[in-house]
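Lettering follows sequence order; numbering is per chain, from 1. Remember, it's a predicted structure, so these values are computed and weren't measured experimentally.
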Amino acid sequence: MEKTRTQLRVGYACVNTQLPSSARTLRLANVTPDRLRELIASNLDALETILRWNEAHGIAVFRLTSNLIPFGSHAANELAWWDEFAPRFAELGRLMQGMSISTHPGQYTVLSSVRPEVVDAAVAELAYHDRLLSAFRLDESHKIVLHAGPPERFAAGFERLTPGAAARLVLENDERWPLEPVLELAGELGVPVVFDVFHHELAPSFPGERTRDLVLRVSETWSSRQEVHFSTQAPGKRPGAHADALDVDAFRRFAAVVGDLPLDCVLEVKDKERSALRAQELLGYERGRRPSASAADLRSRR
DNA sequence: AGGTGTCAAGCGTCC
DNA sequence: GGACGCTTGACACCT
């Protein structure tokens, strides 16, 4: 009898709590080209440290912070940073080979806003995210995750994206936009969907359909490796608040039903890499495996 | 040196 | 009508 091998890979978002920040910034009033250069260099150095830590700990899933380039989509940043730092980006891009690297623009990025200037800013922000991923020479399988909005306005905004941003865009279900309408919108736009388990529980759709079947349903939107998000309710906090740390039992249950599927799972927890390591232990990873060495390494169990 | 109000930005929700 | 929360902290000024 062949043992079921895990294909589920786990990772975390933006911050490693043990390492320096890759999101240093400055106040708009203090922006100068040289200050921006200093901070970009510093943030790329910090990112390199995080990537090497991830590699040493066998973590192959990571979300880049939107603040890697200060004012990356703002007129105040006039640098051709992708050009100036091209060799450095290429260097870090090599460290990312074999990893799932994505981004997730913040709450200010509202592609479906009724205000034209807000849509302009969202288009610029998404162009920035694409430019960032492209600077690392990451192909279109490396995605930009965005929440949905009213379908008609969202589609109108989508039409205005740069080709690169459109090719990387994926939609995520949330409390306002449950999985069913998000799948419908994503189908119209021809983009994949990130299944967020926690948001789905808060705003369910497809009544009675089990988690595994939902993940499989969503998998049909992907032509590259599927990304999912996992988090749980923070005890005692308002509904929807993310727990500080991995809920081990809930994750074990999740892994029990989808662990054999080829998923890249971003854990959305405050304690970041600690929970990622805990999740890996539950999946039976060996500590210190190199994720880019081979796919077989990642799937190996104790 | 350490504490803390504020910072580019949106918008729905809750009080 | 104002504060809060989001995926998320760091800067900059004050004592």
Side-chain angles (χ1 to χ4, degrees), chain A residues 11-32 35-36 38-40 42-43 45-47 50 61-78 101-129 132 143-150 153-154 157 170-178 194-199 202-203 227-234 236-246 265-276:
Chain A
Y12 59 102
C14 307
V15 171
N16 184 305
T17 67
Q18 308 170 34
L19 298 173
S21 170
S22 63
R24 295 188 56 211
T25 185
L26 76 174
R27 295 289 173 259
L28 185 55
N30 303 329
V31 168
T32 65
R35 276 300 282 146
L36 289 172
E38 285 172 32
L39 289 169
I40 292 167
S42 162
N43 287 343
D45 287 350
L47 178 61
I50 293 171
V61 177
F62 186 64
R63 178 189 301 164
L64 301 179
T65 172
S66 303
N67 302 323
L68 197 66
I69 309 297
F71 301 99
S73 67
H74 193 287
N77 188 336
E78 297 180 300
I101 301 292
S102 59
T103 72
H104 190 1
Q107 66 270 38
Y108 301 112
T109 305
V110 186
L111 194 56
S112 56
S113 175
V114 292
R115 296 169 52 197
E117 68 273 25
V118 173
V119 179
D120 290 346
V123 169
E125 180 71 9
L126 292 163
Y128 153 61
H129 281 254
L132 183 64
K143 298 301 189 185
I144 304 169
V145 181
L146 199 63
H147 293 277
R153 291 209 304 270
F154 194 98
V170 311
L171 290 174
E172 175 184 355
N173 65 296
D174 60 29
E175 293 161 69
R176 294 185 44 76
W177 295 96
V194 165
F195 178 53
D196 185 301
V197 186
F198 181 42
H199 289 146
L202 292 166
E227 177 172 327
V228 298
H229 293 174
F230 183 88
S231 60
T232 53
Q233 175 65 43
K237 293 196 187 165
R238 59 159 254 293
H242 287 162
D244 290 350
L246 185 74
C265 179
V266 178
L267 303 175
E268 294 183 325
V269 286
K270 285 221 183 338
D271 75 348
K272 302 295 179 183
E273 81 288 346
R274 295 167 205 274
S275 280

Across every strand shown, the nucleotide meeting Watson-Crick or G-U wobble geometry with C:dT8 (both distances under 3.5 Å) is none
Quick one: which residue pairs count as a side chain to side chain donor-acceptor pair (under 3.5 Å) with a foot in residues 12-21 of chain A, not counting sequence neighbours?
A:Y12-A:N16, A:Y12-A:N54, A:T17-A:E273, A:T17-A:R274, A:Q18-A:E273
Positions of residues 15-23 of chain A (non-hydrogen atom under 4.0 Å from DNA chain C), listed by number
A:V15, A:S21, A:A23
Nucleotide opposite B:dA1 in a Watson-Crick or G-U pair, distances under 3.5 Å
C:dT15
For a 4.0 angstrom threshold against heavy atoms of chain A, report the outermost contacting nucleotides of DNA chain B in 5' to 3' order.
B:dT6 to B:dT13
Separation of the C1' atoms in C:dG9 and C:dG5, to the nearest angstrom:
15 Å
Please classify the nucleic acid contact of A:R24 as base, sugar-phosphate, or nothing, using heavy-atom distances under 4.0 Å.
sugar-phosphate
Can you tell me the distance, in whole Å, between the NE2 atom of A:H242 and the C1' atom of C:dG5?
11 Å
Value in whole Å for how far the C1' atom of C:dG5 lies from NE2 of A:H199:
12 Å
Whole-angstrom distance between B:dT6 and C:dT8, as gauged at atom P
24 Å
Could I get the full list of ring-ring contact (aromatic ring centres under 6.0 Å, His included) partners for A:H147, not counting sequence neighbours?
A:H104
Roughly how far apart, to the nearest Å, are B:dG5 and C:dC4 at atom P?
12 Å
Sticking with atom C1', work out how far B:dA9 lies from C:dC6, rounded to a whole angstrom.
13 Å
Given that A:N30 and A:C14 both sit by DNA chain C, which one's nearest nucleotide is further toward the 5' end?
A:C14
Check this for me: does any side-chain nitrogen of one of A:E172 and A:K143 sit under 4.0 Å from a carboxylate oxygen of the other?
no
For A:D271, all residues meeting salt bridge (charged side-chain N to carboxylate O under 4.0 Å, His left out), sequence neighbours excluded:
A:R278
So do A:W177 and A:P150 actually touch side chain to side chain, heavy atoms under 4.5 Å?
yes
4.5 Å side-chain heavy-atom contact, A:S102 and A:E227
yes
Whole-Å distance separating the CD atom of A:E268 from the C1' atom of C:dT8
11 Å
CG of A:N173 versus P of C:dC6: gap in Å, rounded?
17 Å
Spacing of A:L26 atom CG relative to C:dC13 atom P, expressed in whole Å
12 Å
Would you mind telling me which of A:D174, A:D196, A:L267 makes a side chain to side chain contact (heavy atoms under 4.5 Å, CB included) with A:H229?
A:D196
Tell me every residue that passes ring-ring contact (aromatic ring centres under 6.0 Å, His included) with A:F154, counting only those two or more places apart in sequence or in another chain.
none
How many Å lie between OH on A:Y108 and P on C:dG9, as a whole number?
14 Å
Taking the six-membered ring for Trp, are the ring centroids of A:F198 and A:H242 within less than 6.0 Å of each other?
yes
When you compare C:dG1 with B:dA8, how far apart are their C1' atoms, in angstrom units rounded to a whole number?
24 Å
Output the rounded distance in Å from CG (A:L39) to P (C:dA10).
12 Å
If I take atom CZ in residue A:F198 and atom P in nucleotide C:dG5, what distance separates them, rounded to the nearest angstrom?
15 Å
Considering heavy-atom distances to DNA chain B, does A:E125 or A:S113 have its closest nucleotide positioned more toward the 5' end?
A:E125
Note, A:L36 side chain near A:L26 side chain (heavy atom, < 4.5 Å):
yes
